[in-house]
Amino acid sequence: MKAIPRIAVLISGRGSNLGALLAAERAGRLGGTIAVVISNREDAGGLQLARTHGVATEVIDHQRLDRRSFEAKLDAGLDVAACDLVVLAGFMRILTSEFVQRYAGRMINVHPSLLPAFGGLYTHRRALAEGVRIHGCTVHFVTPDLDHGPIIAQGALAVLPSDDEQSLSARVLAIEHRLLPAATRAFCEGRLVIAGQAVRVEGEVPGITTPEVPALP
Ligand code: GAR
């Protein structure tokens with residue numbers, strides 16, 4: 001029998017995406033088991049969430065370490081947990097190329113925009129300032145090129161005239177909560193094949209091969 005894939009989730013904050021992953025695991029829809037949650041901030045709300053689910057946690061405070069020591073500790077934490085997949089779920093540290101390359105093809109990230117538009121921070125504010133009509137989120141493989149890795153899944157919504165940064169962020173987040181567990185499951189089931197800059201998905205994966213797109217008016 002094939003071993004159940006082990007997943008490490010890296011967070012920096014409230015951990016609502018982590019919550020969606022934990023709920024999917026509990027419902028038997030994750031395809032793997034969350035072996036460890038690692039945060040670079042000890043005040044990250046997601047840590048408590050992990051603990052209440054009985055998941056091992058580790059804090060590696062980036063403020064107390066230089067980049068090399070931070071990544072060495074992260075590497076060691078991932079190694080101890082023997083993880084097959086690293087999920088960045090609101091992890092707000094930029095990782096070095098060296099580190100990212102070590103996890104090539106087995107590290108994914110959720111980003112709150114339709115990449116390649118609006119990489120980086122303050123995505124909802126910038127989308128509103130640019131007056132985009134369609135906005136959304138992306139789950140992608142992590143590469144050294146920040147927010148530019150092969151795309152696994154995207155979900156979109158129509159920006160409403162009444163939207164502000166908060167409402168837009170909340171509506172996009174709800175899509176993230178569906179996409180990240182679906183992408184994680186597709187990885188764990190071995191359905192994601194990186195082909196150059198793109199990802200081929202083997203078989204039908206609802207939400208990924210048939211993405212959420214806004215209804216036409
Ligand atoms: C999410 O919106 C995630 O897409 C974003 O941080 C938020 C974390 O929320 N990630 C990034 O911006 C990474 N570039 P959460 O802690 O509630 O999951």
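Note that the coordinates shown come from a computational prediction; the quantities given were computed from them, not determined experimentally. Whatever order the structure lists them in is the order used to number ligands and atoms, beginning at 1.
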**Q** Verify the distance criterion only: is there a donor paired with an acceptor across the side chains of H177 and S16 at less than 3.5 Å?
**A**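 The criterion, which ignores hydrogens and geometry beyond distance, is satisfied for S16 and H177.
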**Q** Indicate, with yes or no, if L88 and L180 share a hydrophobic cluster defined by side-chain heavy-atom contacts under 4.5 Å among Ile, Leu, Val, Met, Phe, Trp and Tyr.
**A**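 No.
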**Q** For S113, does its backbone N or O pair with a side-chain atom of T138 as donor and acceptor, under 3.5 Å?
**A**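 Indeed, once roles are kept as given, a pair shorter than 3.5 Å links the two residues.
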**Q** Compare S16, A89, S169 and give the one whose heavy atom is closest to atom 15 (P) of ligand 1.
**A**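 Of the listed residues, S16 has the closest heavy atom.
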**Q** List ligand 1 atoms under 4.0 Å from G90, heavy atoms only on the residue side.
**A**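 In order of number, 6 (O), 8 (C), 10 (N).
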**Q** Any non-hydrogen side-chain atom of C137 less than 4.5 Å from a side-chain atom of L179?
**A**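 Result yes, sub-4.5 Å side-chain heavy-atom pair found.
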**Q** Just need the protein heavy atom nearest to atom 9 (O) of ligand 1, so name the residue and atom and give the distance.
**A**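 Protein heavy atom at minimum distance: R14 NH2, 3.2 Å.
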**Q** Would N17 count as being in polar contact with ligand 1, using the rule that some N or O on each side must be under 3.5 angstrom apart?
**A**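 N17 vs ligand 1: N/O contact under 3.5 Å present.
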**Q** If you count the atoms of ligand 1 from 1 in the order shown, which ones are under 4.0 Å from a heavy atom of E176?
**A**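 So the answer, numbered in order with elements, is 1 (C), 2 (O), 3 (C), 4 (O).
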**Q** What I'd like to find out is whether the side chain of I7 reaches to under 4.5 Å of the side chain of D84, using heavy atoms alone.
**A**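 In short, these two side chains do not touch, never coming nearer than 4.5 Å.
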**Q** Is the shortest side-chain heavy-atom distance between L168 and H124 below 4.5 Å?
**A**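 Yes, their side chains come closer than 4.5 Å.
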**Q** With heavy atoms of L173 as the reference, note each atom of ligand 1 found under 4.0 Å away.
**A**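 Close to L173: 2 (O).
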**Q** Any idea which protein heavy atom is nearest atom 13 (C) of ligand 1, and the distance to it?
**A**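 I find the closest protein heavy atom is M92 SD, 3.7 Å.
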**Q** Side chain, backbone, both or neither: which part of L88 has a heavy atom under 4.0 Å from ligand 1?
**A**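 Under 4.0 Å from ligand 1, L88 contributes no heavy atoms.
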**Q** Please work out which of the three classes, parallel, tilted or perpendicular, describes the rings of H140 and H111, given edges at 30° and 60°.
**A**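 The rings of H111 and H140 stand perpendicular, inter-plane angle above 60°.
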**Q** Side-chain contact test, heavy atoms from C-beta onward, threshold under 4.5 Å: evaluate it for D61 versus R41 and give yes or no.
**A**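 Of all side-chain heavy-atom pairs linking R41 with D61, none is under 4.5 Å.
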**Q** Any idea which protein heavy atom is nearest atom 10 (N) of ligand 1, and the distance to it?
**A**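 Looking at atom 10 (N) of ligand 1, the protein heavy atom closest to it is V110 O, 3.7 Å.
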**Q** Decide whether an N or O pair under 3.5 Å exists between G15 and ligand 1.
**A**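 Yes, at least one N or O pair falls under 3.5 Å.
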**Q** At what distance is the nearest protein heavy atom to atom 14 (N) of ligand 1, and which residue and atom is it?
**A**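 Of every protein heavy atom, H111 ND1, 3.3 Å lies nearest to atom 14 (N) of ligand 1.
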**Q** Quick one: look up the protein heavy atom nearest atom 12 (O) of ligand 1 and list residue, atom name and how far away it is.
**A**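 Atom 12 (O) of ligand 1 sits closest to the protein heavy atom P112 CD, 3.4 Å.
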